[in-house]
Structure formats: C-alpha cells, structure tokens
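Take a look at the structure below.
Order of the sequence lines sets the chain letters (A, B, ...), proteins ahead of strands, with each chain counted from 1. As the structure is a computational prediction, the values presented were derived from the model and not from experiment.
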Protein chains: 2
Amino acid sequence: MRARSDVLDHAILGLLHGSPMHGYELRKQLNLVLGSFRALSYGSLYPALRQLAERGLIVGSDAVVEDRPVASKRARIVYQLTAAGKELLGEVLGSAGPSAWDDEEFDVRFAFFAQTDAETRLRILEGRRTRLTERLELVRQSFARGRERMDEYTSELQRHGLEQVEHEVAWLDRLIDTERAGRPARTPGTGSSVGTDPTAGPHRGAATAKPKKE
Amino acid sequence: MRARSDVLDHAILGLLHGSPMHGYELRKQLNLVLGSFRALSYGSLYPALRQLAERGLIVGSDAVVEDRPVASKRARIVYQLTAAGKELLGEVLGSAGPSAWDDEEFDVRFAFFAQTDAETRLRILEGRRTRLTERLELVRQSFARGRERMDEYTSELQRHGLEQVEHEVAWLDRLIDTERAGRPARTPGTGSSVGTDPTAGPHRGAATAKPKKE
DNA sequence: TGCTGATGTATCACCTCGATACATCGAGTT
DNA sequence: AACTCGATGTATCGAGGTGATACATCAGCA
C-alpha cells in the first residue's frame with residue numbers, strides 16, 4: 001500500500017526544470033527550498049531518482065567526471081527532464097486539487113509558485129486556507145472537550161499549537177490579498193506556465209491529509 | 001542502528017504513571033496530549049508496548065473482559081508501570097539534558113511538566129530556547145546567502161518558517177518569565193516529583209537534533 | 001607529504017506509517 | 001427481537017523513510 005508520496009518526485013521534477021543537476025546538488029537545493037528545516041536523506045533521494053529514470057521522466061548522463069570516462073566512484077550523474085517529465089510537471093503545476101493543500105505538498109507547490117499561473121496560485125492558497133481552518137475547528141473542539149482533564153501545561157501546549165496554525169492562516173490571508181490585488185511589480189498577464197497542457201485539473205484522488213506537527 | 005526514538009517510550013511511561021491503561025485508550029490520550037496534530041499509529045504503539053513489557057518497565061494484565069476469561073478477541077490488556085518503570089520515568093523527568101530540547105521530546109517533556117520539579121522545568125525551557133535560537137541563526141545565515149538565487153515565493157516560504165520559529169521563541173520567553181516569577185497560584189515549594197531518585201542528571205548521550213519542520 | 005573537510009554516490013538495518021483484518025459492544029431503529 | 005452502524009479494541013503487513021556509514025576523490029594548507 002502506502003504510495004510513495006509524490007512530494008519528493010514533484011520537488012525533484014521542479015528543481016530539474018530549473019536546470020539539470022546531480023544528486024548531491026539536488027539534495028542541497030531541496031533542503032534550501034523545502035523549508036531549510038527538513039532533512040531529506042540520500043536513502044530517499046537516490047532511489048527516487050532511479051525510479052523517476054525508470055519511469056522515463058528524467059534521464060541521467062553517463063557517469064563522467066570531466067575527462068576520465070568511468071571508473072571513478074565519485075563520477076557525477078547529471079539528471080535532466082525528459083519530454084514526459086516536463087509534461088507531468090506541467091500537469092502537476094497546473095493542478096490545484098486537494099492533494100496540493102497537504103502539509104508537505106503545499107510547501108513544494110508553493111516553492112514553485114513562480115512557475116504557476118496566477119489563477120492556480122490563488123486556488124491553492126485558498127484551498128490550503130480552508131484545510132487549515134477545518135483542522136483548527138476540529139482541534140478547538142477536542143480541546144474544549146478535554147480541557148478540564150488536562151493540567152495547565154498540557155493545555156498551554158495545545159494553545160500554542162493552535163496559535164501556530166492561526167499564524168499560518170494569517171500568513172495565507174496576507175498572500176491571498178496580495179494575489180488578489182493582481183500582484184503589481186510583475187508582468188501581470190503573461191505568467192509563463194511551464195507545462196504543455198494547462199488543462200490538467202486536480203490529479204489523483206482525494207488528499208491523504210497527514211497533519212504532522214504544528 | 002537507528003535507535004527506536006525514546007520519545008514514544010517516555011510518553012507511554014508518563015501516561016501510565018497517571019493511571020493504568022490499555023492500548024486504545026493510550027493512543028487517544030497520546031494524540032490528545034502530544035499536540036492533537038500528530039497521528040501515532042498502532043503500528044508503532046503496540047510493538048512499543050510489548051518491548052517495554054519485555055524490558056520490564058511495564059506489565060500487562062492478562063486479557064480479561066470483565067467476566068469471560070480469555071478467548072475474546074477484544075480482550076483489553078491493561079498496562080501499568082513496574083517499579084523499574086517508575087524509576088526510569090523518575091530519571092527521565094528529572095533530567096534536563098540536550099535530548100530534552102529535541103522537537104518531539106520537548107513536547108513530551110512539556111506535557112509532563114506538572115510532574116517535573118521547578119528547576120528542571122526552567123532548565124528545559126531555557127535549553128529549548130537556546131536550541132531554537134541556534135537553529136534560527138543557522139537558517140538566517142543560509143537564507144541571507146542564498147537569497148539572491150531564490151524567487152520571491154521561495155524566500156517568502158523561508159521567511160514564514162523563520163517566523164514560526166520566532167513565534168515559538170516568544171512563547172518560550174513568556175513561559176520562562178512565568179516560571180521565574182515563581183509560579184503563583186500553585187503550591188510553590190513542594191512540587192512533588194515523580195521518581196525515586198532526584199539525582200538522575202542528563203541521561204543518555206548527546207542529543208540527536210532532528211529538526212523536522214517548522 | 002600528510003591532514004582535514006567538502007564533494008559525491010550508494011546501501012543497510014531499523015523504524016514508522018497507513019491500511020486493513022477481525023471481533024465486540026452499545027444504542028438506536030424498525 | 002433482529003438489524004444496522006459506529007465506536008471500541010488488538011494486531012499485523014507492506015512499503016517507504018531515516019540516520020549512519022562506507023567508499024572514494026579532490027582542494028587547500030601547513
């Protein structure tokens with residue numbers, strides 16, 4: 001079961017669209033872009049790269065160092081998107097379905113907002129906001145219910161978690177306002193989307209919703 | 001390698017000190033106490049319970065339902081702390097070492113602050129604050145370095161992550177002030193610690209520091 | 001020359017998760 | 001009383017992720 005979360009795939013595809021890269025560099029960029037807090041180990045990255053290559057979404061150059069042809073254990077393998085990879089990336093970036101408001105996936109989608117068209121950006125932000133609001137409501141309820149049974153520290157911890165989410169909602173509101181205002185100081189109309197097919201629509205089934213932490 | 005994170009163990013021990021419980025109830029309490037956001041699956045819980053029982057830290061009652069002796073598939077197994085379990089819990093709650101400022105472990109330790117003596121509480125809060133401040137500094141640096149190369153959305157995401165951590169630092173500051181003020185409205189001197197041995201000291205080696213998300 | 005640390009690819013053991021199976025119980029509903 | 005349905009309960013499995021580590025090259029530097 002448990003499908004390999006597409007998050008990593010999408011992040012790799014997105015970065016590779018920027019420019020071809022090898023694993024090590026990819027990891028650095030990933031950790032930079034995806035929040036600076038996350039870890040991401042090679043144990044996930046390299047298998048993911050090989051699997052993406054198998055699926056024909058990316059291709060890796062032969063291992064060359066500069067002059068020496070092979071042999072070297074440190075030979076870099078530079079990956080780049082194939083046509084199929086670009087197409088998939090385009091579909092992903094064009095979609096604004098529920099999967100895009102998941103915690104992790106949202107971060108990735110947001111990181112590539114510059115390659116996403118304005119309408120999709122707005123839909124993702126609003127969807128994310130709704131998702132968080134719903135979660136907030138649930139937590140508030142269970143908090144209210146179990147409040148008496150908790151000591152002051154436990155409830156303080158709850159309260160803080162709530163605050164963190166509220167803080168994110170406020171952040172989203174700011175962004176949504178900015179987007180609605182038409183985003184001045186940027187070429188407004190022609191936000192060059194990446195993909196070939198702007199249709200796409202919400203890919204994949206319902207979101208999996210895996211709240212992890214504050 | 002990769003030791004089973006003690007976090008879950010400590011949480012179980014702490015909850016069981018409150019009152020004996022069976023798995024299902026434990027999970028509910030755990031999800032309530034530990035942030036309401038986390039998931040915690042049975043796939044982690046039941047193995048952890050068995051392992052704790054093997055280590056002699058908890059004991060499970062024989063499966064009984066009320067009258068029917070066994071057989072029933074839904075027979076509850078109520079676990080409770082052994083003497084060894086109480087001792088370990090005492091050591092854990094008495095320690096304020098680096099492991100206690102890890103993201104997850106901190107939450108657990110905080111959740112059981114009511115059973116922790118005042119001095120240890122303060123040391124944990126301060127340690128956590130230092131930890132976050134250090135992380136903040138690191139992220140700020142890498143942010144400043146890579147700033148030019150990121151588009152506005154990526155840097156906005158970074159900024160937001162930074163804000164979330166700053167928010168937590170502010171929260172800690174509030175708590176530290178309160179603790180320093182001596183915590184009125186509570187029996188001040190005699191915070192009844194749980195363990196048998198108030199010595200304890202920072203157990204286990206250096207912290208593993210696994211920043212996960214905002 | 002030898003040391004150290006960053007750059008690189010790769011794998012392993014263990015952990016954790018989501019899903020699921022199976023079974024019982026209480027409370028309504030008809 | 002028989003029926004359904006959702007909460008209560010214990011338990012396991014496959015798949016994916018993680019930290020650690022191995023191995024190897026390279027640049028700088030004393």
> Can you tell me how far C1' of D:dT8 sits from CD of B:Q29, to the nearest Å?
Replying inline: 15 Å
> Thinking salt bridges, do A:E156 and A:R159 make one under a 4.0 Å N-O criterion?
Replying inline: yes
> If you take all heavy atoms of A:D102 and A:R128, which pair is closest and at what distance?
Replying inline: C-NH1, 3.6 Å
>> Tell me whether the NZ or CZ atom of A:R76 lies within the 45° cone about the ring axis of A:Y24 and under 6.0 Å from its centre.
In response: no
> How close do B:A11 and B:L30 get, heavy atom to heavy atom, and via which atoms?
Replying inline: CB-CD1, 3.8 Å
> When the ring planes of B:W171 and B:F110 are compared, do they come out parallel, tilted or perpendicular, using 30° and 60° as the limits?
Replying inline: tilted
> How do B:K28 and B:Y79 order along DNA chain D: which one's closest nucleotide is nearer the 5' end?
Replying inline: B:K28
> How would you list, by chain and number, every residue that makes a side-chain hydrogen bond (donor to acceptor under 3.5 Å, both in side chains) with B:T82, sequence neighbours excluded?
Replying inline: none
> Looking at the side chain of A:H22, which of C:dG8, D:dG9, D:dA11 is the nearest nucleotide?
Replying inline: C:dG8
> Residues from residues 42-54 of chain A sitting under 4.0 Å of DNA chain C, heavy atoms only?
Replying inline: A:Y42, A:G43, A:Y46, A:R50
> What integer distance in Å separates B:R27:CZ from D:dT10:C1'?
Replying inline: 13 Å
>> Just the rounded figure in Å: distance from P of D:dT18 to CD of B:E104.
In response: 13 Å
> For A:M21 and C:dG8, what is the distance between atoms CE and P respectively, to the nearest whole Å?
Replying inline: 12 Å
> Where the side chain of A:S41 is concerned, which of C:dC17, D:dG19, D:dT8 is the nearest nucleotide?
Replying inline: D:dG19
> How many Å lie between CG on A:L40 and P on C:dT9, as a whole number?
Replying inline: 13 Å
> Rounding to a whole Å, what distance do you find between B:R76:CZ and D:dA7:C1'?
Replying inline: 13 Å
> For B:E25 and D:dT10, what is the distance between atoms CD and P respectively, to the nearest whole Å?
Replying inline: 10 Å
>> In this structure, how many angstroms lie between the C1' atom of D:dA15 and the CG atom of A:D6, rounded?
In response: 14 Å
> Between B:S41 and B:S44, is any side-chain donor less than 3.5 angstrom from a side-chain acceptor?
Replying inline: yes
